[in-house]
Each structure stands twice: as structure tokens, then as C-alpha cells.
Amino acid sequence: MAEAIFLFILFVPLSVLTFFAPEETMLRSRWQYDQEPEFSREAILIIKILSAVVVILSTLNLIINIINAFR
């Protein structure tokens, strides 16, 4: 159960950051480009949807692990 809480604490803020600033999280290899790369609206939407799914699934995983720990 400690692992689930640790992963929740680690991944949820990262996913929330990805949801609110997808362009910044997509620019890991900024040094490879001469100019600032432009991302399409579809790519940003996909990143936002995936980060929301990760937040929901990690929260459900934590809840299920807590329930199973007290059985």
C-alpha cells in the first residue's frame, strides 16, 4: 500500500502539470530545433486527454489498494 501512495504522490502532480501545460511537457528535446516547434491542436488535445485518464486511473488504483488493505 505504501507503494501505491508513493506512486500517487509522484504521478498525479506530474499528470496535472501535463494537463495544464502540455506544450512545456512536450518540449523535452527543445535543443534539437533551431526555432520553437509548433504543436497541433490535436496533439495538445491528445496529451490533455491522456493526462486526465492517468489522473483518474491512478486515483482509482489508490482507492482500490486502500480498500484491499483494510479487508
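Keep in mind it's a predicted model, so treat the numbers as computed, not measured.
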A.B. asks: Roughly how far, to the nearest 0.5 Å, is the CD1 atom of Ile44 from the CD atom of Glu38?
C.D. replies: 9.0 Å

A.B. asks: With side chains defined as the heavy atoms from C-beta onward, is the minimum distance between Ile64 and Asn68 less than 4.5 Å?
C.D. replies: yes

A.B. asks: Please report the interatomic distance OG(Ser58) to CD1(Ile9), rounded to the nearest 0.5 Å.
C.D. replies: 11.5 Å

A.B. asks: Following the transitive rule for hydrophobic clusters with a side-chain heavy-atom cut-off under 4.5 Å over Ile, Leu, Val, Met, Phe, Trp and Tyr, establish whether Val55 and Leu62 coincide in one cluster.
C.D. replies: yes

A.B. asks: With rounding to the nearest 0.5 angstrom, report the CG to CG distance, Leu50 to Leu45.
C.D. replies: 9.5 Å

A.B. asks: Give, for atom CD1 of Ile46 and atom CZ of Arg41, the distance between the pair rounded to the nearest 0.5 Å.
C.D. replies: 14.5 Å

A.B. asks: Output the distance between atom CD1 (Ile66) and atom CG (Asn61), rounded to the nearest 0.5 Å.
C.D. replies: 10.0 Å

